[in-house]
A.B. asks: 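Pasting a structure below so you can have a look.
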Amino acid sequence: QVQLVESGGGLVQAGGSLRLSCAASGSIFRVNTMGWYRQAPGKQRELVATTMSSGGIANYADSVKGRFTISKDNAKNTVWLDMNNLEPEDTAVYYCNSVLRTQMWSYDASYWGQGTQVTVSS
């Protein structure tokens with residue numbers, strides 16, 4: 001059983017900042033990637049930022065480059081998303097995602113958190 005628990009969402013004015021946190025726990029053999037996706041009302045879920053456990057390579061959506069920063073602690077299976085200069089268009093439910101393996105002989109699988117609401121007022 002794997003759980004991804006998010007925290008840190010909330011209401012903020014445009015130009016403000018928020019920090020999201022996500023911790024993965026349970027039966028985990030190896031985490032390959034951790035990251036964040038978001039889904040606004042009436043829109044599809046989209047990638048915000050992801051990072052690989054090895055090498056520290058990060059990938060960002062164009063819309064958040066220069067404003068959002070993803071960071072991680074591999075030992076704690078934890079990832080953070082620092083969001084600065086927030087815009088009303090960033091309003092969405094933000095979901096933590098991890099691609100990981102629960103046992104040495106198992107396949108990689110994708111796991112999701114329950115989501116945390118981020119609302120940016122103009």
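Computed from heavy atoms alone, side chains included, the values below leave out hydrogens, waters and symmetry copies.
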A.B. asks: Kindly indicate, with the supporting measurements, whether the criterion side chain to side chain donor-acceptor pair (under 3.5 Å) is fulfilled by Glu89 and Thr91.
C.D. replies: CA-CA 5 Å; Glu89 293 74 21; Thr91 295; over 6 Å; no

A.B. asks: Just wondering, do Arg19 and Ser71 contact through their side chains at under 4.5 Å, heavy atoms?
C.D. replies: yes

A.B. asks: In Å and rounded to the nearest 0.5 Å, what is the NZ to SG distance from Lys72 to Cys22?
C.D. replies: 14.0 Å

A.B. asks: State, yes or no, whether a side-chain contact exists between Asp90 and Phe68 at a heavy-atom distance under 4.5 Å.
C.D. replies: yes

A.B. asks: Decide yes or no for Thr50 and Asn97: does some side-chain heavy atom of the first lie under 4.5 Å from some side-chain heavy atom of the second?
C.D. replies: no

A.B. asks: Can you confirm whether more than 12 heavy atoms, excluding those of Gln3, are under 6.0 Å from its CD atom?
C.D. replies: no

A.B. asks: What verdict does the side chain to side chain contact (heavy atoms under 4.5 Å, CB included) test give for Trp80 and Asp73, after you've listed the backbone C-alpha separation in whole Å, the side-chain angles of each residue and the deciding distance to 0.1 Å?
C.D. replies: CA-CA 9 Å; Trp80 296 272; Asp73 184 331; 3.7 Å; yes

A.B. asks: Give me the atom names and distance for the closest heavy-atom approach of Gly115 to Glu6.
C.D. replies: N-OE1, 2.6 Å

A.B. asks: Ring-plane angle category for Tyr37 and Trp112, please: parallel below 30°, perpendicular beyond 60°, tilted otherwise.
C.D. replies: perpendicular

A.B. asks: In this structure, would Phe29 and Trp105 fall into the same cluster of hydrophobic residues linked by side-chain contacts under 4.5 Å?
C.D. replies: yes

A.B. asks: Are side-chain heavy atoms of Asn32 and Leu100 found at a separation under 4.5 Å?
C.D. replies: no

A.B. asks: Does Gln13 CD have over 12 foreign heavy atoms under 6.0 Å away?
C.D. replies: no

A.B. asks: What's the shortest heavy-atom distance between Leu20 and Tyr94, and which atoms?
C.D. replies: CD1-CB, 3.7 Å

A.B. asks: Which pair of non-hydrogen atoms, one from Arg30 and one from Asp108, has the smallest distance, and what is that distance?
C.D. replies: NH2-OD1, 4.4 Å

A.B. asks: Any side-chain heavy-atom pair from Val2 and Thr102 closer than 4.5 angstrom?
C.D. replies: yes

A.B. asks: What pair of heavy atoms forms the shortest contact from Leu18 to Leu86, and how long is it?
C.D. replies: N-CD1, 3.8 Å

A.B. asks: Does Val31 belong to the same Ile/Leu/Val/Met/Phe/Trp/Tyr cluster as Tyr111, with side-chain heavy atoms less than 4.5 Å apart forming each link?
C.D. replies: yes

A.B. asks: Is the NZ or CZ atom of Arg38 positioned over Tyr95's six-membered ring, under 6.0 angstrom from the centre and within 45° of the axis?
C.D. replies: no

A.B. asks: Side chains of Tyr60 and Leu47: does their closest heavy-atom pair fall under 4.5 Å?
C.D. replies: no

A.B. asks: Are the side chains of Trp36 and Cys96 in contact, using a 4.5 Å heavy-atom criterion?
C.D. replies: yes

A.B. asks: Between Val79 and Ile70, which heavy-atom pair has the shortest distance, and what is it?
C.D. replies: CG2-CG1, 3.6 Å

A.B. asks: Heavy atoms, side chains only, cut-off 4.5 Å: are Met83 and Arg67 in contact?
C.D. replies: no

A.B. asks: Between Gln1 and Gly26 (side chain of the first, backbone of the second, donor and acceptor by atom type, cut-off under 3.5 Å), is there such a pair?
C.D. replies: no

A.B. asks: Please give me the minimum heavy-atom distance between Thr33 and Met52, naming the atom from each residue.
C.D. replies: CG2-CG, 4.1 Å

